Amino acid sequence: MERTYISRILALFPNTIVRKLLLMLIFSLLFWVIYLASKDQTKFLLHLRSPFIPNEWSIFRKFSHSEMLQNPTVSPTETESNIREILEKMNQLIPPRPFTHLNVTTSAAHSAATILNPQDTYCRGDQLHVLLEVRDHLGRRKEYGGDFLRARMFSKNLKAGASGKVTDFNNGTYLVSFTLFWEGEVSLSVLLMHPSEGASALWRARNQGYDRVIFTGQFVNGTSHVLCECGLTLNSSAELCQYLDTRDKEAFYCVKPPHIPCEALTHMSTRNRGVSYLTTEEWRLFQRSNVGNEMMKNFPSIKVVPCNKNAKAEQKCQVGMKSPFPSGYTFKGSWITTFCKQTKFNTAKSVNDCLQRKLIYLMGDSTLRQWIYYFKKVIQTLQTFDHHGSGIFKTHILLDVNRHILIQWRKHSHPFVTQQVFSVKDENYIPREIDQVAGDRDTAIVITIGQHFRPFPISIFIRRAINIRKAVERLLLRSPETKVILKTENTREIHRNAEMFSDFHGYVQNLILRDVFADLNVGIIDAWDMTTAYFTNDVHPPEYVVANQIGMFLNYIC
């Protein structure tokens, strides 16, 4: 059969040379067919199409540009592996510390702080190091670390403040380092936020359950309004509505109301359930008298003099720069960066000129909604566009048609914790929002997540951070000039329900977020550092703090 078929083809070409060339071509094709049939053809072809080698990055695998182009979605197993790796790293960072009695936990009053190499005066720009030796309430030296500390230096008369850097030697001693950014009388402070036993208890309790918060969904079907329980997970035998992002494996559930479709979910609100995974004895660690105690009480102030040291950063602030800690300091109420040359946007005209032709998308929680309010107050030409929503959690849009300025804020999707009713009809996860942005040199995206994730297991936050990173990678592939800025979490009220909202949870999330985005071309607005320096202790800090956060943002985009 094969010979007859070949003979018929040759009959069409009477020329001898042409017939020989044709035979060579036919036999070459037959050879490749036989070769491919004897191999794993699929793997062979994929190898030709996708010649890349994946790189290891920080605490989880990073995908190269080639892989992102060939495979824009990463397999669920890879994401799950990334989450497990980060969890393992955090578990090593926060080991279990068995708690038996308050007396054997760290005591601020009994601990001792000593300045290393003390001097009568110090030069501006110098490093000052304090050795902290922690002891328990019985005066005994602690043999392990893990205490959650907050270090700060300040000069009240100068309205100056800066964070200190804490190094844990894991043996009951800490090195607290301060950079002396300004001259004058400077006071030093180290607060014991939680002893290591408290931090360990918070970490264990956080990852133990999802049910501290009750989500109540409102379903509407004509004139019928039905309320049903919802959540990130639901322990119920009832029929459930599943709201699943299949690509990113983000899931939310509601008990299905009878005779009403799942698509009829319109609004949501939350309240605390009153569930705790802390023991009664552990709760004593988080009583007001045991949180935020000064470890350097009555410590004498130090004197800082100029010494002709005026070294300043010369490179203009831009996205992609590494943000050190501390990243800056407050002086006379203004935030001064230490790692880049900062432009002051202290007039309405300078802000307006910077914003001209800019499309700005604010994605996250209410700490970014504060930005919308500030922009509206400062720039009189920005007009509010009615997006036909209701309440403070609706989409906020500001427009200046003549200057081609658009500023939009949208809340992030589940989990969102508030007693106020909010609409879920048009909300989306931040990765999906980023995917809808075309991007160009005049487009900027600001992202902040964290505060609403604190009451839930850390895996929820890790997954969202990884998914946002992937979306930013996709955006920067199609539009490398788009500016992407991460605003870290603000510090918040010290004495509010530590199990759900302690800044310890925010500290852990900041570590994870910085690690996830460490090598990506994004800007960082270190709101954690800022609010520590300002000592605001308010999830919604005063307007002057918001103004300085926005000032850093304007430096990144203009």
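Worth saying up front: this structure is predicted, and the values here are computed from it rather than measured.
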**OP:** Mind telling me whether Trp409 and Phe393 have parallel, tilted or perpendicular rings, with 30° and 60° as the class edges?
**Re:** tilted
Original post:
When rounded to the nearest 0.5 angstrom, what is the spacing between CG in Asn117 and OH in Tyr122?
Top reply: 8.0 Å
Subject >> Test item: Ile447 and Val472 side chains (from C-beta on) under 4.5 Å apart, heavy atoms >> reply: yes
Original post:
What are the two closest non-hydrogen atoms of Pro455 and Phe501, and how far apart are they?
Top reply: CG-CE2, 3.8 Å
Original post:
Between Ser163 and Asp529, does any side-chain donor sit less than 3.5 Å from a side-chain acceptor?
Top reply: yes
Original post:
Are the charged groups of Lys487 and Asp365 less than 4.0 angstrom apart, N to O?
Top reply: no
**OP:** Could you walk me through whether Gln119 and Asp126 pass side chain to side chain donor-acceptor pair (under 3.5 Å), step by step?
**Re:** CA-CA 12 Å; Gln119 301 171 201; Asp126 281 353; 5.0 Å; no
Subject >> side-chain contact (heavy atoms from CB on, under 4.5 Å) between Val104 and Arg140, intermediate numbers included >> reply: CA-CA 8 Å; Val104 299; Arg140 298 175 303 191; 3.2 Å; yes
Subject >> Working for side-chain contact (heavy atoms from CB on, under 4.5 Å), residues Val176 and Met296 >> reply: CA-CA 11 Å; Val176 186; Met296 300 182 69; over 6 Å; no
Original post:
So do Tyr429 and Arg464 actually touch side chain to side chain, heavy atoms under 4.5 Å?
Top reply: yes
Original post:
Taking only residues two or more places apart in sequence, or in another chain, which ones meet Arg135 in a salt bridge (charged side-chain N to carboxylate O under 4.0 Å, His left out)?
Top reply: Glu133
Subject >> Polar contact flag, side-chain donor to acceptor under 3.5 angstrom, Ser301-Glu185 >> reply: yes
Original post:
Is the shortest heavy-atom distance from the side chain of Val437 to the side chain of Met363 under 4.5 Å?
Top reply: yes
Original post:
Hey, is Arg463 close enough to Glu250 for a salt bridge, meaning N to O under 4.0 Å?
Top reply: no
Subject >> Side chains of Gln342 and Thr337, donor plus acceptor under 3.5 Å >> reply: yes
Subject >> Parallel, tilted or perpendicular: rings of His194 and Phe504 (30°, 60°) >> reply: perpendicular
**OP:** Assess Lys411 against Phe416: is NZ or CZ under 6.0 Å from the centre of the six-membered ring, and within 45 degrees of the ring's axis?
**Re:** yes
Subject >> Positive for side-chain hydrogen bond (donor to acceptor under 3.5 Å, both in side chains) with Ser366, one of His540, Gln451, His452 >> reply: His540
Original post:
Is there side-chain contact between Glu433 and Tyr361, with heavy atoms separated by less than 4.5 Å?
Top reply: no
Subject >> Phe453 ring center within less than 6.0 Å of His412 ring center >> reply: yes
Subject >> Min side-chain heavy-atom separation Val186-Leu128 under 4.5 Å >> reply: no
Subject >> Least distance between heavy atoms, Ile524 atom then Tyr556 atom >> reply: O-OH, 2.8 Å
Original post:
Given the rule in the side chain to side chain donor-acceptor pair (under 3.5 Å) test, do Ser276 and Glu499 qualify, once you have shown the distances and angles that lead to the verdict?
Top reply: CA-CA 8 Å; Ser276 174; Glu499 183 175 2; 2.6 Å; yes
Subject >> Donor-acceptor side-chain pairing of Gln408 and Thr395 below 3.5 angstrom >> reply: no
Original post:
For Thr114, what residues pass the side chain to side chain donor-acceptor pair (under 3.5 Å) criterion, not counting sequence neighbours?
Top reply: none
Subject >> Atom NZ of Lys297 with >12 non-hydrogen neighbours under 6.0 angstrom >> reply: no
Original post:
Should we say atom NZ of Lys344 is surrounded by more than 12 heavy atoms from elsewhere, each under 6.0 Å from it?
Top reply: yes
Original post:
Do Ser323 and Asp526 meet the criterion of a side-chain donor-acceptor pair at a distance under 3.5 Å?
Top reply: no
**OP:** List the atom of Met530, the atom of Ile525, and the distance in Å for their closest heavy-atom pair.
**Re:** CE-CG2, 4.3 Å
Original post:
What is the distance from atom OG of Ser502 to atom CZ of Arg206, rounded to the nearest 0.5 Å?
Top reply: 10.0 Å
**OP:** Output all residues satisfying side chain to side chain donor-acceptor pair (under 3.5 Å) with His110, sequence neighbours left out; order by chain, then residue number.
**Re:** Ser107
Original post:
Which residue pairs pass the disulfide bond (SG atoms under 2.5 Å apart) test with at least one member in residues 493-558, sequence neighbours excluded?
Top reply: Cys354-Cys558
**OP:** Determine, for Glu473 against Lys470, whether the closest basic-nitrogen to carboxylate-oxygen distance falls under 4.0 angstrom.
**Re:** no
**OP:** Might you confirm whether atom CZ of Phe286 has over 12 heavy atoms from other residues, nucleotides or ligands at distances under 6.0 Å?
**Re:** yes
Original post:
Using a distance-only test with no angle check, is there a side-chain donor-acceptor pair under 3.5 angstrom linking Glu282 and Tyr277?
Top reply: no
**OP:** Please test Gln549 against Trp371 for side-chain contact (heavy atoms from CB on, under 4.5 Å), starting from the C-alpha separation and ending with a verdict.
**Re:** CA-CA 9 Å; Gln549 292 175 357; Trp371 287 28; 3.3 Å; yes
Subject >> Taking every non-hydrogen atom, the tightest pair across Val539 and Asn490 >> reply: O-ND2, 3.0 Å
Subject >> Listed partners of Tyr174 passing side chain to side chain donor-acceptor pair (under 3.5 Å), at least two apart >> reply: Asp147
Subject >> Other residues, nucleotides, ligands: >12 heavy atoms within 6.0 Å of Arg141 CZ >> reply: yes
Subject >> Closest non-hydrogen atom pair between Arg152 and Ala533, with its separation >> reply: NE-O, 3.0 Å
Subject >> Side-chain touch Phe375/Leu355, heavy atoms, less than 4.5 angstrom >> reply: yes
Original post:
Is the shortest heavy-atom distance from the side chain of Arg454 to the side chain of Arg492 under 4.5 Å?
Top reply: yes
**OP:** Please report the C-alpha distance between Val166 and Arg150 in whole Å, then the side-chain angles of each, then the deciding distance to 0.1 Å, and finally whether the side-chain contact (heavy atoms from CB on, under 4.5 Å) criterion is met.
**Re:** CA-CA 8 Å; Val166 178; Arg150 180 173 296 168; over 6 Å; no
**OP:** Begin with the C-alpha distance, continue with both residues' side-chain angles, and end with the deciding distance and a verdict on salt bridge (Lys or Arg N to Asp or Glu O under 4.0 Å) for Arg469 and Asp519.
**Re:** CA-CA 11 Å; Arg469 177 193 163 93; Asp519 67 339; 3.0 Å; yes
Original post:
Is Asn346 atom CG crowded by more than 12 heavy atoms from other residues, nucleotides or ligands, each under 6.0 Å away?
Top reply: yes
**OP:** List in chain and number order the residues that pass side chain to side chain donor-acceptor pair (under 3.5 Å) with Lys377, two or more places apart in sequence or in another chain; answer none if no residue qualifies.
**Re:** Glu543
**OP:** Please confirm whether Phe181 and Phe331 have ring centers closer than 6.0 angstrom.
**Re:** no
Subject >> Lys376 NZ: over 12 foreign heavy atoms closer than 6.0 Å >> reply: yes
**OP:** Work out which heavy atom in Ile392 is nearest to a heavy atom in Gln420; give both atom names and the distance.
**Re:** CD1-NE2, 3.6 Å
Subject >> Crowding at CG, Asn103 (>12 non-hydrogen neighbours, <6.0 Å) >> reply: yes
